[in-house]
Amino acid sequence: MDGFAPVPRHIAFIMDGNGRWAQNRGLPRVSGHVQGAKTFRAIGNACLDRNIEVITFFAFSTENWKRPKAEIAGILKLLDLYLKDWFKEERAAHTRIHFLGDTSVFSAKERALIEKAQTTGTEIKNHLNIALNYGGRADITQAANAVLKRRFATGDDSPITEEELALHLSTQGMPDVDLLIRTGSEMRISNFLLWQSAYAELYFSDVLWPDFSEKDLDEAIRAYQTRNRRFGGLNDPGGKEPTVS
Ligand code: IPE
Ligand code: IPE
Ligand code: MG
């Protein structure tokens with residue numbers, strides 16, 4: 001890894017391709033999710049080893065409820081197992097899990113586990129976000145509603161600022177996404193962190209998520225390090241202005 005170019009502060013993953021991975025092997029889609037969950041654990045740990053401050057994984061979207069009940073149950077069960085194992089992880093001491101999305105729809109038992117997972121750690125160095133029942137539009141809408149509620153309560157009629165709205169998003173003041181990685185060949189955002197990815201560098205990989213390796217992660221980080229991030233500015237702001245005639 002390049003020792004000089006900075007690593008991204010925030011990497012977000014759209015973990016896509018579990019179903020195709022299983023279908024390619026003649027297996028049921030759920031076994032793709034089982035393998036995908038192993039990759040999720042391995043890549044999460046690899047990011048922590050690389051000192052990535054914030055990592056966000058898209059685990060289940062607000063649109064994924066359209067899938068068969070058995071597949072949904074399979075995905076949620078895997079998350080359950082992941083969280084139960086998480087408490088045994090040494091990394092939990094300095095990594096804080098956050099759930100992004102509307103978790104109020106889950107059962108009391110599931111919510112208790114989600115709550116507990118978000119309280120582990122004493123000396124927090126890293127943040128691991130799990131986007132569950134998450135949609136970028138829903139996130140922005142709930143943030144707007146939260147601000148509106150405060151406006152009504154206080155009678156404040158000042159215009160909403162971007163900073164204020166951002167503080168009410170599920171990512172609550174975390175740094176914006178620097179690098180957004182999507183596996184599985186599709187080149188779309190699928191309603192993921194819409195606001196937070198405004199200036200993210202996009203990286204699309206043909207690798208199906210269950211096959212995504214540490215080597216692939218390093219390749220994505222290396223590609224990020226070669227990008228020229230201008231944020232609407234110029235490479236050489238002190239450069240000579242061209243003459244407009
Ligand atoms: C992504 O893999 C995982 C979730 C959406 C939970 P898919 O299940 O979408 O896999 P493909 O895209 O059908 O291959
Ligand atoms: C995005 O993948 C959601 C997750 C990875 C959780 P999808 O497979 O649901 O996205 P589309 O349907 O191809 O856009
Ligand atoms: Mg998919």
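We count ligands from 1, going down the list as the structure has it; atoms in each ligand are counted the same way.
- Neither side chain, S185 nor R20, offers a donor N or O lying under 3.5 Å from an acceptor on the other.
- Near I75, meaning under 4.0 Å from any of its heavy atoms, are these atoms of ligand 1: 6 (C).
- Atom 10 (O) of ligand 2 has its nearest heavy-atom neighbour, among R182, E63, K66, in R182.
- Put simply, part of M15 is less than 4.0 Å from ligand 2, judged by heavy atoms.
- Neither the backbone nor the side chain of F192 has any atom closer than 4.0 Å to an atom of ligand 2 (non-hydrogen atoms only).
- For E186, every N, O or S atom stays at 2.8 Å or more from the Mg ion (ligand 3).
- At the shortest separation from atom 13 (O) of ligand 1 among protein heavy atoms lies R29 NH2, 2.9 Å.
- Taking any N or O of R188, backbone or side chain, at least one lies under 3.5 Å from an N or O belonging to ligand 2.
- At most 12 non-hydrogen atoms from other residues, nucleotides or ligands lie less than 6.0 angstrom from CZ of R137.
- Ring geometry for F192 versus F58: interplanar angle under 30°, hence parallel rather than tilted (30 to 60°).
- Each of H10, H98, H94 was checked for a ring pair (Phe, Tyr, Trp, His ring centres under 6.0 Å) with H127, and the lone residue meeting it is H98.
- Distances from ligand 1 to the non-hydrogen atoms of H33 include at least one value under 4.0 Å.
- Between V177 and R229, the closest heavy-atom pair is O-NH2, 4.1 Å.
- The shortest N or O to N or O distance between N64 and ligand 2 is below 3.5 Å.
- Heavy-atom distances between G184 and ligand 1 stay at or above 4.0 Å for every pair.
- With respect to atom 14 (O) of ligand 2, the closest heavy atom belonging to the protein is S190 OG, 2.6 Å.
- Within the 4.0 Å heavy-atom cutoff, R67 counts among the residues contacting ligand 2.
- At a 4.0 Å heavy-atom cut-off, ligand 1 touches A59 through the backbone alone.
- Not a single heavy atom of R20 sits under 4.0 Å from any atom of ligand 2.
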